[in-house]
Student: 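Pasting a structure here, questions to come.
What you are looking at is a predicted structure, and each value in this text was computed from that prediction instead of being measured.
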Amino acid sequence: MAETKTRIGALDTPLEARARLLPRLTPNPDAFGKATEKFARFMGTPQFLMWMTVFCALWLAWNTFGPESLRFDSAALGFTALTLMLSLQASYAAPLLLLAQNRQDDRDKVSLQQDRQRAERNLADTEYLTRELAALRIALREVATRDFVRSELRSVLEELLEEDHEQQRPVRRVRKKKPSDTTMALPRVTAPAPADRPAHRRDASGRVAGSEQ
């Protein structure tokens, strides 16, 4: 069994290149594809239809009303040459259109792949920005806001103003009057007893009796 496998070879091993009698035609795919796309685009335009209609009309008119010696397609046989020419054109036009369509499909695949990659990058960027914004929001919760700082500064300013007002308020102290030296040096005068004072009497006119006039 092992000998048969080595003789036949595995399926993943390529066959040896065989010698060809005729050389293989390998045209440039890009140049050939561009030419076919140009021809396919021209076939889908109104100009192509107009020129094709003019060609068929001249063909039919020449082979119908032209001199019999110069006719190359018989009307009795149903214009066989024109039919063969149109069928040959259709047989070549179909592969050309398919080739142009395949190239367009390849371009669409490439553009779709690029759009998908771009969408993935945009999604990754959006997710990154979303995470960053969430982290910033969490961090900003612990940061003092403008209103909070203003309220704190206002309260501190009010406290400072109150302290300054209390310091500038005059202190009123009750001072005790001390006796001066002059008053202390003067002798004390004692009032006379009531028995020693002479009794003064007033008369009817109000004058004190016994006083000098």
Student: Which pairs of donor and acceptor atoms, one on a side chain in residues 62-70, lie under 3.5 Å apart (sequence neighbours left out)?
Tutor:
{"from": "Trp62", "atom 1": "NE1", "to": "Leu70", "atom 2": "O", "distance (Å)": "3.2"}
{"from": "Asn63", "atom 1": "OD1", "to": "Phe72", "atom 2": "N", "distance (Å)": "3.2"}
{"from": "Asn63", "atom 1": "OD1", "to": "Asp73", "atom 2": "N", "distance (Å)": "3.0"}
{"from": "Asn63", "atom 1": "ND2", "to": "Trp59", "atom 2": "O", "distance (Å)": "2.8"}
{"from": "Thr64", "atom 1": "OG1", "to": "Leu60", "atom 2": "O", "distance (Å)": "2.6"}

Student: State the CG-SG distance between Leu58 and Cys56, to the nearest 0.5 angstrom.
Tutor: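 Going from CG on Leu58 over to SG on Cys56, the span is 9.5 Å.
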
Student: Which ILVMFWY residues are connected to Leu99, directly or by a chain of links, through side-chain heavy atoms under 4.5 Å apart?
Tutor: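 Noted: Leu99 shares its cluster with Phe32.
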
Student: Which ILVMFWY residues are connected to Ile138, directly or by a chain of links, through side-chain heavy atoms under 4.5 Å apart?
Tutor: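 Result for Ile138 is none, singleton.
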
Student: Side chains of residues 43-55: which donor-acceptor pairs under 3.5 Å do they make with residues two or more places apart or in other chains?
Tutor:
{"from": "Thr45", "atom 1": "OG1", "to": "Phe42", "atom 2": "O", "distance (Å)": "2.5"}
{"from": "Thr53", "atom 1": "OG1", "to": "Leu49", "atom 2": "O", "distance (Å)": "2.7"}

Student: Just how far is it from atom CG of Leu161 to atom NE2 of His165, taken to the nearest 0.5 Å?
Tutor: 10.5 Å

Student: Considering residues at least two apart in sequence or located in another chain, which fulfil the side-chain contact (heavy atoms from CB on, under 4.5 Å) criterion with Leu160?
Tutor: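 Only Val156, Glu163 meet the side-chain contact (heavy atoms from CB on, under 4.5 Å) criterion with Leu160.
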
Student: Could you list the residues that satisfy side-chain contact (heavy atoms from CB on, under 4.5 Å) with Thr83, not counting sequence neighbours?
Tutor: none

Student: Taking salt bridge (charged side-chain N to carboxylate O under 4.0 Å, His left out) as the definition, give me every residue that meets it alongside Arg107, ordered by chain and number, with sequence neighbours left out.
Tutor: Glu37

Student: List the residues meeting salt bridge (charged side-chain N to carboxylate O under 4.0 Å, His left out) with Arg118, not counting sequence neighbours, and say none if there are none.
Tutor: Asp115

Student: Distance check, rounded to the nearest 0.5 Å: Arg150 atom CZ versus Arg146 atom CZ?
Tutor: 5.0 Å

Student: Excluding sequence neighbours, so at least two apart, what forms side-chain hydrogen bond (donor to acceptor under 3.5 Å, both in side chains) with Asp108?
Tutor: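 So Asp108 forms a side-chain hydrogen bond (donor to acceptor under 3.5 Å, both in side chains) with Gln104.
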
Student: Please give the remaining members of the hydrophobic cluster of Tyr92, linking ILVMFWY side chains under 4.5 Å, ordered by chain and number.
Tutor: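 Members alongside Tyr92: Leu88.
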
Student: How far does CG of Asp147 sit from CD of Glu152, to the nearest 0.5 angstrom?
Tutor: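 Separation between the atoms: 12.0 Å.
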
Student: Please tell me if the side chains of Thr36 and Pro95 come closer than 4.5 Å, counting only heavy atoms from C-beta onward.
Tutor: no

Student: About how many Å separate CG of Leu96 and CD of Gln89, when rounded to the nearest 0.5 Å?
Tutor: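 Going from CD on Gln89 over to CG on Leu96, the span is 10.5 Å.
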
Student: Output all residues satisfying side-chain contact (heavy atoms from CB on, under 4.5 Å) with Gln101, sequence neighbours left out; order by chain, then residue number.
Tutor: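 Listed in chain order: Asp105.
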
Student: Kindly write out the residues that satisfy side-chain contact (heavy atoms from CB on, under 4.5 Å) with Gln117, not counting sequence neighbours, or none if the list is empty.
Tutor: Gln113, Arg121

